[in-house]
Structure formats: C-alpha cells, structure tokens
Visitor: 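The structure's right below; bear with me while I get my questions together.
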Amino acid sequence: MIDAVSRFRPFQWVLHLGDITAWGGSFSFWQSLYAERHFSDYMWAGVNGNHDNMTRGFVRTSNDFFRQTNYYPENGYLREEGVCYHFRYGEVMFVMLNSEDMRTAEGFEAARSWLEKVVTDARNSAEAPRYVVVCEHYQWFDGVNGNDSQYARWRDTFDRLGIDLALAGNNHIYVRSDAIYRGEVTDGSRGTVYIQTPSSDNERGRHMKELTHNEHLIRHRWAEGPQMVGAMSMTVDSKQMSLTLLDRHGNIIDSATVKAKR
C-alpha cells in the first residue's frame, strides 16, 4: 500500500493511526516490522493503538511497548512522555494522543488539559502553525452505522481550540466529514474535518450497514469487507490541506480539503 501511494504521489514521511503491530508485547513483531525497507526509506510518526498496547492473551497492557520501541519527542504529559507528543512539520502542528490512557474520565481530562495547553501555547507563539492536526487511535464515528464515538467526546474541545483536522483509525472503515462546528457542517471557514482511515492489512476489514446516525455530518464512507486495504495521500500548502483516499491499486476513492483559517 505504501508503494501504491508513492506511485500516486511521492511523499516524505508516513503517519499511522495505531495498531501497527498485532501484539505490542511481542518484541519480535517490532523487530520484523522495522526490518521492512519502508522504515529505512521514510520517517514515521504514529499513535499507540490497543494492539500495540497489549501482549498475547491480554496478560498485560502497557504503553511501555510503544514507548520502548519508538523514538518520539518526550514532550507529553506525566507517564505519557514519548507516547503522547507533538511536533511541527512545515506549517502543520501534529498532536498525538494515546486512546488507551483515555478510558477513564480522569485519563481523558489529563489528555484534554494537555492538548489545550500545547495548542494554546503554539497559537500564541511567534511562529504559530497555520494548521493543527490531532491524531488518536479510536474512531470518531462507528463506520458501520454512523453512531457517535470519540466525536461526541472531543467536539467541544476541538471547536474551542480551532482544530483543523482530526485523524483516527481502529474502526477499519473509512469515514469522512466535511468541516463541522457546533454540530453543523460549515463552508470550511471554521470547524474540524474528521477522518478515520481504513485498515490496510487485508484481514480485519468490516462491512458497512445502513447509515442511521449522523447522516447530516458524515459525507463519505468506504469499506471492502473483511479483505480491506487502503491509505491516504496528504499534501499541504498555504491555502489548504488536501487528502486523497486510495485503494490497494492506487485508484482514487475519495478526496477532502481542509481550508486554511489563519
């Protein structure tokens, strides 16, 4: 899939939304993964997924697996250093969250407070980012029928902070909105575009059912059933971020734009 994206448009680095291994507690899985040539060819940045966070048989769950096999900035909050982090690439600020640390109200509030601080500090700096992208593993909507998931949890915070793009995975069904502000679709001059990417391992895809929830917010869904492979290409300029969804053959399935608001 990475090769298919590179044939569509050359790129500089890879962003993943978690579950990059089946069992994060199996060190050999990370070794095999990093032996692939694509990890030598590109910079990678990603988030901790539930599979990255567990051992076989669910004997233990820990963000240590993700932290100790990656080398990310240690600018996260307490006990999430190197797992939650933020970085700048060009005019974009990326903020990476750990869904596994947000299962409780206390964990969510710690992540929310940290997000608010780092985004506010960046916006008030002399070199404020043009765009802010927030990434986590768990989906914004249930791709099967459109029901609320993490969108309901984060919408007020994202509205207040002016988050431009929210990316997630986990659901194994592609779901995209247009810009949403205060629960309504906008013309893109304000609000957040929500996208959850498809799976790409050709094994754990899902079937969609009738869209019965959030029909006014969800613009596009896509799935191939159990054998699903897809990825996105992203480009950025001073006017907009452009995202293109590709299938395993490099065919264009969907596209989205995120307008610059500052």
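Side chains are part of it too, since the values below use all heavy atoms of this structure and drop only hydrogens, waters and symmetry mates.
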Visitor: Between Y194 and F141, how do the two ring planes meet: parallel, tilted or perpendicular, split at 30° and 60°?
Guide: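 Perpendicular.
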Visitor: So that I can tick it off, tell me whether D164 and R262 are bridged by a salt bridge, with the cut-off set at under 4.0 angstrom between side-chain N and carboxylate O.
Guide: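 Yes, this pair counts.
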Visitor: Give a yes or no on whether E127 atom CD has more than 12 heavy-atom contacts from other residues, nucleotides or ligands under 6.0 Å away.
Guide: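 Not more than 12 within 6.0 Å, no.
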Visitor: Please check: side-chain N/O of D201 versus main-chain N/O of R204, any donor-acceptor pairing under 3.5 Å?
Guide: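 At least one qualifying donor-acceptor pair exists.
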Visitor: Passes side-chain hydrogen bond (donor to acceptor under 3.5 Å, both in side chains), D148 versus H213? Steps please.
Guide: CA-CA 8 Å; D148 275 352; H213 298 77; over 6 Å; no
Visitor: Strictly by modelled atom types, are H38 and D3 linked by a side-chain donor-acceptor pair under 3.5 Å?
Guide: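 The answer is yes; a qualifying pair exists.
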Visitor: For the side chain of S149 and the backbone of Q139, is there at least one donor-acceptor N/O pair under 3.5 Å apart?
Guide: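 Between the backbone of Q139 and the side chain of S149 there is a qualifying donor-acceptor contact (under 3.5 Å).
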Visitor: Report the relative orientation of the aromatic rings in Y77 and W114; use parallel for angles under 30°, tilted for 30 to 60°, perpendicular for over 60°.
Guide: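 Taking W114 first and then Y77, their aromatic rings sit tilted (interplane angle of 30° to 60°).
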Visitor: After noting the C-alpha distance and the side-chain angles of E136 and Q150, does the key distance pass the side chain to side chain contact (heavy atoms under 4.5 Å, CB included) rule?
Guide: CA-CA 9 Å; E136 72 159 277; Q150 297 300 308; 3.7 Å; yes
Visitor: Is the backbone of D187 close enough, under 3.5 Å, to the side chain of K259 for a donor and an acceptor to pair up by distance?
Guide: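 Judged by distance alone, yes, a pair lies under 3.5 Å.
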Visitor: For D52 and T21, does a side-chain donor sit closer than 3.5 Å to a side-chain acceptor?
Guide: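 A pair is found: one side chain offers a donor N or O, the other an acceptor, under 3.5 Å apart.
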Visitor: Could you check whether any side-chain N or O of S6 sits under 3.5 Å from a backbone N or O of P10, counting only pairs where one atom can act as donor and the other as acceptor?
Guide: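 Such a contact is absent between S6 side chain and P10 backbone.
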Visitor: Can you tell me if K209 has over 12 outside heavy atoms packed within less than 6.0 Å of its NZ?
Guide: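 No, because the 6.0 Å sphere around NZ of K209 holds 12 heavy atoms or fewer from other groups.
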Visitor: Does any N or O in the side chain of Y131 come within less than 3.5 Å of the main-chain N or O of Q240, such that one atom is a donor and the other an acceptor?
Guide: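 Indeed, once roles are kept as given, a pair shorter than 3.5 Å links the two residues.
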Visitor: Report yes or no: does N251 contribute a side-chain atom to a donor-acceptor pair with the main-chain N or O of D247 at less than 3.5 Å?
Guide: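 Checked: no pair found.
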Visitor: For the side chain of T55 and the backbone of R60, is there at least one donor-acceptor N/O pair under 3.5 Å apart?
Guide: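 A pair under 3.5 Å: yes.
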Visitor: Tell me, yes or no, whether the heavy-atom count around E215 atom CD, taken from other residues, nucleotides or ligands under 6.0 Å, exceeds 12.
Guide: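 Check passes, neighbour count above 12.
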Visitor: Would you please classify the geometry between the F94 ring and the F87 ring as parallel, tilted or perpendicular, with 30° and 60° separating the classes?
Guide: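 The rings of F87 and F94 lie parallel, inter-plane angle below 30°.
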Visitor: Answer with yes or no whether the side chains of N147 and N214 bring together a donor and an acceptor at under 3.5 Å.
Guide: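 No donor-acceptor contact under 3.5 Å links the two side chains.
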Visitor: When the ring planes of Y34 and W30 are compared, do they come out parallel, tilted or perpendicular, using 30° and 60° as the limits?
Guide: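 Taking W30 first and then Y34, their aromatic rings sit tilted (interplane angle of 30° to 60°).
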Visitor: Do N48 and N63 have a side chain donor and acceptor closer than 3.5 Å?
Guide: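 Note: N48 and N63 side chains miss the donor-acceptor criterion.
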Visitor: Give the C-alpha distance, both sets of side-chain angles, the deciding distance and a yes or no for side chain to side chain contact (heavy atoms under 4.5 Å, CB included) between I173 and W222.
Guide: CA-CA 6 Å; I173 294 176; W222 177 69; over 6 Å; no
Visitor: Hey, are K117 and D121 close enough for a salt bridge, meaning a charged N less than 4.0 Å from a carboxylate O?
Guide: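 Yes, this pair counts.
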Visitor: State which residue, out of V5, I253, T197, L15, fulfils the side-chain contact (heavy atoms from CB on, under 4.5 Å) condition with M232.
Guide: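 Answer to the side-chain contact (heavy atoms from CB on, under 4.5 Å) test with M232 among V5, I253, T197, L15: T197.
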Visitor: Just checking, is any N or O donor in the side chain of Y138 or R103 under 3.5 Å from an acceptor N or O on the other one?
Guide: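 Yes.
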Visitor: Would you check if the side chain of R123 reaches a backbone N or O of G162 as a donor-acceptor pair within less than 3.5 Å?
Guide: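 Yes; judged by distance alone, with no hydrogens or angles, the pair exists.
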Visitor: Would you mind telling me which of R248, E224, Q227 makes a side chain to side chain donor-acceptor pair (under 3.5 Å) with N202?
Guide: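 For N202, the side chain to side chain donor-acceptor pair (under 3.5 Å) test succeeds with only one of R248, E224, Q227, which is R248.
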Visitor: Would the number of heavy atoms belonging to other residues, nucleotides or ligands and lying under 6.0 Å from CZ of R219 be above 12?
Guide: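 Not buried by this count: 12 neighbours or fewer within 6.0 Å.
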Visitor: Do R160 and E116 pass the salt bridge (Lys or Arg N to Asp or Glu O under 4.0 Å) test, and can you show the C-alpha distance, the side-chain angles, and the key distance before you say yes or no?
Guide: CA-CA 9 Å; R160 184 169 62 255; E116 186 141 5; 3.1 Å; yes
Visitor: Taking S62 for its side chain and D64 for its backbone only, find out whether a donor-acceptor pair lies under 3.5 Å.
Guide: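 Side chain of S62 to backbone of D64, a donor-acceptor pair under 3.5 Å: yes, one is there.
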Visitor: Report the residues that fulfil salt bridge (charged side-chain N to carboxylate O under 4.0 Å, His left out) with R206, sequence neighbours left out, ordered by chain and then residue number.
Guide: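 For R206 there are no salt bridge (charged side-chain N to carboxylate O under 4.0 Å, His left out) partners, ignoring immediate neighbours.
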Visitor: Report yes if the side chains of F65 and F27 come closer than 4.5 Å at any heavy-atom pair, otherwise no.
Guide: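 Contact flag for F65/F27 side chains = no.
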Visitor: Does R79, at its CZ atom, have more than 12 non-hydrogen atoms belonging to other residues, nucleotides or ligands within less than 6.0 Å?
Guide: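 Counting neighbours around CZ of R79, 12 or fewer heavy atoms of other residues, nucleotides or ligands fall under 6.0 Å, so no.
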Visitor: Check the pair W140, F158 against ring pair (Phe, Tyr, Trp, His ring centres under 6.0 Å), reporting the backbone distance first and the verdict last.
Guide: CA-CA 12 Å; W140 311 115; F158 288 0; 5.8 Å; yes
Visitor: Assigning hydrophobic clusters by single linkage (Ile, Leu, Val, Met, Phe, Trp, Tyr; side-chain heavy-atom cutoff under 4.5 Å), is V47 placed with I195?
Guide: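 They do share one cluster, since a chain of ILVMFWY contacts under 4.5 Å joins V47 to I195.
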